Number of protein chains: 2
Amino acid sequence: MATGRTHRPATRSRGIPEATVARLPLYLRALTALSERSVPTVSSEELAAAAGVNSAKLRKDFSYLGSYGTRGVGYDVEYLVYQISRELGLTQDWPVVIVGIGNLGAALANYGGFASRGFRVAALIDADPAMAGKPVAGIPVQHTDELEKIIDDNGVSIGVIATPAGAAQQVCDRLVAAGVTSILNFAPTVLSVPDGVDVRKVDLSIELQILAFHEQRKAGEEAAANADGAVPHTAARKQPADKGPDGDVPAVMPA
Amino acid sequence: MATGRTHRPATRSRGIPEATVARLPLYLRALTALSERSVPTVSSEELAAAAGVNSAKLRKDFSYLGSYGTRGVGYDVEYLVYQISRELGLTQDWPVVIVGIGNLGAALANYGGFASRGFRVAALIDADPAMAGKPVAGIPVQHTDELEKIIDDNGVSIGVIATPAGAAQQVCDRLVAAGVTSILNFAPTVLSVPDGVDVRKVDLSIELQILAFHEQRKAGEEAAANADGAVPHTAARKQPADKGPDGDVPAVMPA
DNA sequence: CTTTGTGAACAGTTTCACAGCC
DNA sequence: GGCTGTGAAACTGTTCACAAAG
């Protein structure tokens with residue numbers, strides 16, 4: 001078993017669609033900003049704009065959580081913040097370990113977005129003995145030898161892998177063996193994990209490649225390959241004709 | 001104006017599904033690894049395993065690119081590497097600028113995965129005058145004032161934003177005005193861009209929140225969920241109380 | 001035989017449009 | 001009037017299963 005798979009949600013639980021779950025953090029961020037400005041209520045239209053989605057989608061998403069809005073009025077900001085936080089499990093404390101304290105690991109350790117939600121960086125772990133004891137983001141780096149003990153002592157169930165690709169699987173195996181059941185992987189590798197362990201992957205170069213794909217299409221309107229690559233200046237170049245404000249290009253039918 | 005979306009395939013191009021495009025880099029990576037080991041051909045089954053997807057999906061994906069396989073044999077590794085690279089636009093040079101050279105920006109600048117595909121870091125840009133001239137990953141950091149000139153001189157069409165959230169929209173506006181049409185955004189903000197500009201977002205805390213959601217669910221399930229999986233080991237941690245035995249549907253929140 | 005390529009069934013997601021409540 | 005909540009429609013993505021090709 002245990003052939004690598006990014007493992008699906010799988011959970012047979014209450015049916016909140018995966019796509020909705022992925023947007024809840026987005027809503028939460030927008031709501032938190034509103035909350036900080038002491039905005040009491042917000043309409044689906046406004047909130048959707050702030051989160052960068054459309055309002056029908058947002059309403060549908062919220063409908064999976066329950067009926068938390070008031071018709072004719074909108075949603076109570078504080079209440080929604082709480083409900084979404086709870087749904088995401090952010091009302092509890094999630095100790096997290098970050099393994100691999102290079103530039104990326106350090107960036108993660110310093111990233112404010114972690115602490116502000118329920119996440120707490122319980123430990124930073126690196127294989128380089130020279131790093132041991134050095135504080136990063138105020139937290140002393142510990143050696144990989146301590147990994148199992150750290151996870152055990154802190155009840156860590158979420159691990160972040162920011163090591164080079166070559167070390168990722170091995171680190172992953174140790175994390176899983178030590179009891180970690182959710183992994184956020186920044187190394188450009190496919191990780192094999194046993195069933196029941198969730199892996200999410202963030203891959204910098206993949207994102208760029210997807211952009212390149214679309215970028216290439218944009219240029220494909222006329223002057224194609226040129227060693228130069230792109231036409232700078234004036235963003236108003238070969239726009240594919242029309243398109244109004246929010247209107248998305250409709251899916252042109254096959255001839 | 002158009003609120004930043006996570007991008008839009010859209011144009012009347014040849015219809016490669018977005019989900020397929022997103023997997024091509026994955027296949028490419030697996031194929032590159034095979035290529036380096038001088039493996040001449042690979043079956044959909046093997047390649048799918050290496051890329052972490054299932055083989056039917058892989059074959060369907062490849063069918064959008066054309067018929068590049070040989071029945072009874074599999075796919076020619078080199079040929080497929082070339083075809084996918086070309087489809088993704090990686091056979092051309094993509095100069096990229098990275099704006100915001102903190103830990104994350106530095107991690108990106110040092111990230112090998114960029115250069116190895118068609119991407120070239122044309123410049124590193126930071127608002128801090130103290131950074132100017134300092135080399136990161138062998139490239140001297142330049143001040144934000146130079147942004148427009150750099151983009152123009154290098155024909156940059158892809159920009160990476162690794163600034164704090166507060167600066168991201170402003171940087172984005174300048175990039176777009178200067179001619180950038182694809183943006184990879186690491187700042188935790190929704191960017192507004194005009195139509196025709198693609199934005200992809202990588203958000204560290206969102207990924208963690210999604211993991212937390214699933215992690216939370218697991219806690220209520222594990223009693224029944226031990227079919228073919230593998231209990232990692234006896235988690236010596238504080239297990240949350242457990243749950244009803246046979247319930248394969250944990251119903252609602254137990255408060 | 002083995003393995004691809006693909007129509008067709010299925011599953012998940014988004015959008016529409018409007019009934020129902022404030 | 002304004003706005004939510006939601007069925008139904010439209011669309012996108014995945015899986016199945018098998019005919020066709022080597």
Side-chain angles (χ1 to χ4, degrees), chain A residues 5-24 26-27 31 39-77 79-80 83 210 246-254, chain B residues 3 5-10 13-24 26-27 31 39-77 79-80 83 210:
Chain A
R5 155 130 49 272
T6 302
H7 194 253
R8 293 244 65 220
T11 356
R12 204 112 300 288
S13 54
R14 279 281 279 100
I16 296 185
E18 194 52 27
T20 295
V21 172
R23 281 187 296 266
L24 291 181
L26 224 53
Y27 301 143
L31 284 164
V39 177
T41 61
V42 65
S43 71
S44 64
E45 202 68 57
E46 296 166 316
L47 183 55
V53 304
N54 82 40
S55 62
K57 196 187 283 182
L58 176 143
R59 287 200 304 277
K60 185 62 117 183
D61 284 342
F62 286 178
S63 80
Y64 293 115
L65 309 184
S67 289
Y68 295 148
T70 309
R71 290 163 200 239
V73 178
Y75 299 91
D76 182 276
V77 171
Y79 187 57
L80 248 193
Q83 289 299 341
I210 296 171
D246 194 40
D248 279 337
V249 181
V252 184
M253 70 280 91
Chain B
T3 300
R5 232 183 290 45
T6 303
H7 81 331
R8 237 284 102 156
S13 47
R14 284 277 286 100
I16 297 184
E18 193 53 28
T20 295
V21 172
R23 280 187 295 265
L24 291 181
L26 225 54
Y27 301 144
L31 284 163
V39 177
T41 61
V42 66
S43 70
S44 62
E45 202 68 58
E46 295 166 316
L47 184 54
V53 304
N54 82 39
S55 63
K57 195 187 285 185
L58 178 142
R59 288 200 303 279
K60 185 63 117 182
D61 283 342
F62 286 177
S63 79
Y64 294 116
L65 308 183
S67 288
Y68 295 147
T70 306
R71 289 162 200 244
V73 178
Y75 299 91
D76 183 277
V77 171
Y79 187 57
L80 204 45
Q83 290 299 343
I210 296 171

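All values derive from a computational prediction rather than experimental measurement.
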Rounded to the nearest Å, what distance is computed from the [atom1] atom of residue [X] to the [atom2] atom of nucleotide [N]?
| X | N | atom1 | atom2 | value |
| --- | --- | --- | --- | --- |
| Tyr64(A) | dG7(D) | OH | C1' | 11 Å |
| Glu45(B) | dG5(C) | CD | P | 14 Å |
| Ile16(A) | dT13(C) | CD1 | P | 12 Å |
| Tyr68(A) | dT4(D) | OH | P | 16 Å |
| Asp61(B) | dT12(D) | CG | P | 16 Å |
| Leu65(A) | dG5(D) | CG | C1' | 13 Å |
| Leu80(A) | dG5(D) | CG | C1' | 14 Å |

Q) If you check every side-chain atom of Ala19(B), which of dG13(D), dG5(D), dC16(D) has the closest atom? A) dG13(D)
Q: With the side chain of Lys57(A) defined as its heavy atoms from C-beta on, choose the nearest nucleotide among dT4(D), dT14(C), dT15(D).
A: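 The answer is dT14(C).
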Would you tabulate the pairs of protein nitrogen or oxygen atoms and nucleotide nitrogen or oxygen atoms of nucleotides 9-11 of chain C closer than 3.5 angstrom?
none

Q) With nearest nucleotides of DNA chain C determined for Ser43(B) and Lys60(B) from heavy-atom distances, which residue corresponds to the more 5′ nucleotide? A)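 Nearest-nucleotide comparison on DNA chain C picks Ser43(B).
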Q.
Classify Tyr75(A) by what it touches in the nucleic acid, base, sugar-phosphate, or nothing, heavy-atom distance under 4.0 Å.
A. sugar-phosphate
Measure all distances between protein nitrogen or oxygen atoms and nitrogen or oxygen atoms of nucleotides 18-22 of chain D, and list the pairs falling under 3.5 Å.
unit_1  : atom_1 : unit_2   : atom_2 : d
dA20(D) : N3     : Arg71(B) : NH1    : 2.7

(Q) Rounded to the nearest 0.5 Å, what separates atom OG1 in Thr20(A) from atom OH in Tyr27(A)? (A) 7.0 Å
